[in-house]
Asker: 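For reference, the structure I am asking about is given below.
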Amino acid sequence: MRIHIATDHAGLEFSEDLQQHLRTAGHEVVDHGPTVYDAVDDYPSFCINAARGTVADQNAGIQALGVVFGGSGNGEQMAANKVLGARAALVWNVSTALLARQHNDANLIAIGARQHSVEEAKLFIDTFIAEPFSGEERHARRIAQLAEYEATGLIASREID
């Protein structure tokens, strides 16, 4: 599977360890930066590029997911979710990694590098990658509603009250 990764300065060292872990597991890793430490770097472009790569690959029929890191993971998740078709979930334990895939068909996850050890992050990422979307009608319906709103501003062809 192709895994798109991005971070900010807080997650740079973390990202390097995780990229090696993913490559060892047989995944193709695409690093969207940064490549050098800069204490005042701006994460949005890195995370947006990871999300754009993930969505483009999936639209092209390539198996791909994304992982973005930062101090808390919050801003990185928000940046990734600005990309049309991105469904980035903040993950902080195994359960949230499972549910991100099972219920939300998330295609990216965000992890706080200052909140977790590298070993915990590896577990969350491995869990996320291995877990399929459940395909349950209620979850598919909700995901479709989000996609419709993202594209048209409507849900079920109606404006939201």
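One-based numbering along the sequence shown. These figures come from a predicted structure and were not determined experimentally. Computed from heavy atoms alone, side chains included, the values below leave out hydrogens, waters and symmetry copies.
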Asker: Which residue pairs pass the side chain to side chain donor-acceptor pair (under 3.5 Å) test with at least one member in residues 40-51, sequence neighbours excluded?
Answerer: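 Every side chain to side chain donor-acceptor pair (under 3.5 Å) pair that includes a residue of residues 40-51, provided the two are not neighbours, is H9-D41.
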Asker: Could you work out, with salt bridge (Lys or Arg N to Asp or Glu O under 4.0 Å) as the rule, every residue matching K82, not counting sequence neighbours?
Answerer: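 Checked K82 against salt bridge (Lys or Arg N to Asp or Glu O under 4.0 Å); zero matches.
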Asker: Got I143 and F133 here, is their nearest side-chain heavy-atom distance under 4.5 Å?
Answerer: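 In short, these two side chains touch, coming nearer than 4.5 Å.
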Asker: Test of understanding: with salt bridge (Lys or Arg N to Asp or Glu O under 4.0 Å), list the residues that count as partners of R87, not counting sequence neighbours.
Answerer: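 Applying salt bridge (Lys or Arg N to Asp or Glu O under 4.0 Å) to R87 gives D105.
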Asker: Does Q19 reach the main-chain N or O of E16 with its side chain, forming a donor-acceptor pair under 3.5 Å?
Answerer: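 Not at all, since once roles are kept as given, no pair shorter than 3.5 Å links the two residues.
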Asker: What pairs with R142 under side chain to side chain donor-acceptor pair (under 3.5 Å), at least two apart in sequence or on another chain?
Answerer: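 Partners of R142 under the side chain to side chain donor-acceptor pair (under 3.5 Å) test: none.
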Asker: Would L18 and V67 count as a side chain to side chain contact (heavy atoms under 4.5 Å, CB included) here? Give the steps.
Answerer: CA-CA 10 Å; L18 294 169; V67 182; 5.8 Å; no
Asker: For the backbone of M1 and the side chain of Q63, can you confirm whether one donor and one acceptor N or O come within less than 3.5 Å of each other?
Answerer: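 Such a contact is absent between Q63 side chain and M1 backbone.
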Asker: Given D57 and H4, is the side chain to side chain donor-acceptor pair (under 3.5 Å) satisfied, shown in steps?
Answerer: CA-CA 10 Å; D57 278 351; H4 292 268; 2.7 Å; yes
Asker: Are H21 and D126 linked by a side-chain donor-acceptor pair shorter than 3.5 Å?
Answerer: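 A donor-acceptor contact under 3.5 Å links the two side chains.
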Asker: Between V94 and I111, is there shared hydrophobic-cluster membership here, with clusters defined by ILVMFWY side-chain heavy atoms closer than 4.5 Å?
Answerer: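 Yes, V94 connects to I111 through the hydrophobic network.
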Asker: Let me see the working for F128 and L65 under side chain to side chain contact (heavy atoms under 4.5 Å, CB included), right down to the final yes or no.
Answerer: CA-CA 9 Å; F128 175 73; L65 293 171; 3.7 Å; yes
Asker: Do you see a donor-acceptor pair shorter than 3.5 Å between the side chains of Q58 and T54?
Answerer: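 Not at all, the side chains of Q58 and T54 share no donor-acceptor pair under 3.5 Å.
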Asker: Quick check: is V55 connected to I5 through a chain of hydrophobic side chains (ILVMFWY, heavy atoms under 4.5 Å apart)?
Answerer: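 No, it is not one cluster - the side chains of I5 and V55 are not joined through contacts under 4.5 Å.
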Asker: Any chance you could lay out the side chain to side chain contact (heavy atoms under 4.5 Å, CB included) test for W92 and Q115, step after step, and finish with the verdict?
Answerer: CA-CA 8 Å; W92 64 90; Q115 314 303 313; over 6 Å; no
Asker: Where does the angle between the aromatic ring planes of H139 and H103 fall among parallel (under 30°), tilted (30 to 60°) and perpendicular (over 60°)?
Answerer: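 The rings of H139 and H103 lie parallel, inter-plane angle below 30°.
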Asker: Working note: R2 + H27, criterion side chain to side chain contact (heavy atoms under 4.5 Å, CB included); need CA distance, chi angles, decisive distance, verdict.
Answerer: CA-CA 6 Å; R2 186 176 292 163; H27 300 290; over 6 Å; no
Asker: For G85, does its backbone N or O pair with a side-chain atom of E150 as donor and acceptor, under 3.5 Å?
Answerer: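 A pair under 3.5 Å: yes.
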Asker: So how far is it from R141 CZ to I155 CD1, rounded to the nearest 0.5 Å?
Answerer: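 Going from CZ on R141 over to CD1 on I155, the span is 11.5 Å.
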Asker: Consider only side-chain heavy atoms of I, L, V, M, F, W and Y, link residues closer than 4.5 Å, and tell whether I129 and L123 are in one cluster.
Answerer: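 Linked within one cluster.
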Asker: Which residues pass the salt bridge (Lys or Arg N to Asp or Glu O under 4.0 Å) test with E159, sequence neighbours left out?
Answerer: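 Salt bridge (Lys or Arg N to Asp or Glu O under 4.0 Å) list for E159, sorted by chain: empty.
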Asker: Main chain of L98, side chain of T127: is a donor-acceptor contact present, judged purely on distance under 3.5 Å?
Answerer: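 Between the backbone of L98 and the side chain of T127 there is no qualifying donor-acceptor contact (under 3.5 Å).
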Asker: I'd like to know if the side chain of S134 and the backbone of Q102 have a donor-acceptor N/O pair within less than 3.5 Å.
Answerer: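 Such a contact is found between S134 side chain and Q102 backbone.
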Asker: Given 3.5 Å as the limit, does a donor-acceptor pair link the side chain of N104 with the main chain of A106, or not?
Answerer: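 No, N104 side chain to A106 backbone: no donor-acceptor pair under 3.5 Å.
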Asker: Can you sort out the partners of N74 under side chain to side chain donor-acceptor pair (under 3.5 Å), two or more places apart, ordered by chain and number?
Answerer: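 N74 satisfies side chain to side chain donor-acceptor pair (under 3.5 Å) with S72 only.
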